[in-house]
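First the structure, which I've put down as structure tokens, then a few questions once you've had a look.
Quick note: numbers below take in every heavy atom, side chains included, and nothing from hydrogens, waters or symmetry partners. Sequence positions, counted from 1, serve as the residue numbers for this chain.
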Amino acid sequence: MSESFPTVGELFKANVVTHDDLNALIDAVLAGRMNVREELAEGYTLDVVVAVKANAFATAVLRDKTSSTGARRSAVRTAILLARAQKA
């Protein structure tokens with residue numbers, strides 16, 4: 001049986017991932033500085049590129065050149081919070 005990994009949102013609610021951690025990931029995505037895997041607290045990692053690309057809404061908002069910065073931030077934030085973290 002495979003282990004179920006928590007979402008970043010669940011780690012955020014449990015205060016494992018902080019506002020600063022989340023904002024740093026969002027800033028990296030919007031600046032195009034995404035590593036394959038980003039380290040999260042307590043031994044978790046997140047493949048940020050996969051997380052954003054897997055979310056159709058975030059992908060659509062990022063592709064739309066008329067999207068506001070706020071809309072882009074919200075879409076990326078949602079994609080990250082819904083993504084499943086992996087144990088490092």
- Task: Tell me whether Val49 is reachable from Phe57 by hopping between hydrophobic residues (I, L, V, M, F, W, Y) whose side-chain heavy atoms are closer than 4.5 Å.
- Result: no
- Item | Least distance between heavy atoms, Arg72 atom then Lys65 atom |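 Heavy-atom minimum between the residues: NH2-CA, 3.8 Å.
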- Message: Taking the side chain as everything from C-beta on, heavy atoms only, tell me whether Val8 gets closer than 4.5 Å to Asp21.
- Response: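 Of all side-chain heavy-atom pairs linking Asp21 with Val8, none is under 4.5 Å.
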- Contact list for residues 14-35, test ring-ring contact (aromatic ring centres under 6.0 Å, His included), sequence neighbours left out: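 Found Phe12-His19.
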- Scanning both residues in full, the closest heavy-atom pair of Val29 with Val48 reads CG2-CG1, 3.3 Å
- Query: Any sub-3.5 Å donor-acceptor pair from Ser67's side-chain atoms to Val61's backbone N or O?
  - Reply: yes
- Message: For a side-chain contact (heavy atoms from CB on, under 4.5 Å) check, start with the C-alpha distance between Gln86 and Leu46, then their side-chain angles and the critical distance, and finish with the verdict.
- Response: CA-CA 6 Å; Gln86 299 293 315; Leu46 176 67; over 6 Å; no
- Message: Between Asp27 and Arg73, does any side-chain N to carboxylate O distance fall below 4.0 Å?
- Response: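 Salt bridge flag = yes for Arg73 with Asp27.
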- Query: Out of curiosity, Leu22 CG to Leu40 CG, how far, rounded to the nearest 0.5 Å?
  - Reply: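 Nearest 0.5 Å value for the CG-CG distance: 9.5 Å.
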- Item | Backbone N/O of Ala71 and side chain of Ser74: donor-acceptor pair under 3.5 Å | no
- Query: For the side chain of Arg77 and the backbone of Asn23, is there at least one donor-acceptor N/O pair under 3.5 Å apart?
  - Reply: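 Answer holds: no.
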- Give the minimum heavy-atom separation between Ala85 and Phe5, together with the two atoms involved. O-CB, 2.9 Å
- Looking at side-chain heavy atoms only, is the closest gap between Val76 and Leu62 below 4.5 Å? yes
- Query: Do you reckon Val17 sits in the same ILVMFWY cluster as Leu30, going by side-chain contacts under 4.5 Å, direct or chained?
  - Reply: yes
- Query: Are Thr66 and Asp64 close enough that a side-chain donor and a side-chain acceptor fall under 3.5 Å?
  - Reply: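 The criterion, which ignores hydrogens and geometry beyond distance, is satisfied for Asp64 and Thr66.
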- Task: Measure from the side-chain N and O atoms of Thr78 to the backbone N and O of Ala58, and report whether any donor-acceptor pair falls under 3.5 Å.
- Result: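 Flag not set: sc Thr78 to bb Ala58 has no pair under 3.5 Å.
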- Note on the structure: Smallest heavy-atom separation, Ala79 atom then Ala51 atom, equals CB-O, 3.9 Å
- According to a 4.5 Å side-chain heavy-atom criterion applied to Ile, Leu, Val, Met, Phe, Trp and Tyr, with indirect links allowed, do Val16 and Leu81 form part of one hydrophobic cluster?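 Val16 clusters together with Leu81.
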- What's the spacing between Asp47 CG and Arg84 CZ if we round to 0.5 Å? 15.5 Å
- Query: Are any non-hydrogen side-chain atoms of Asn55 and Ile80 less than 4.5 angstrom apart?
  - Reply: no
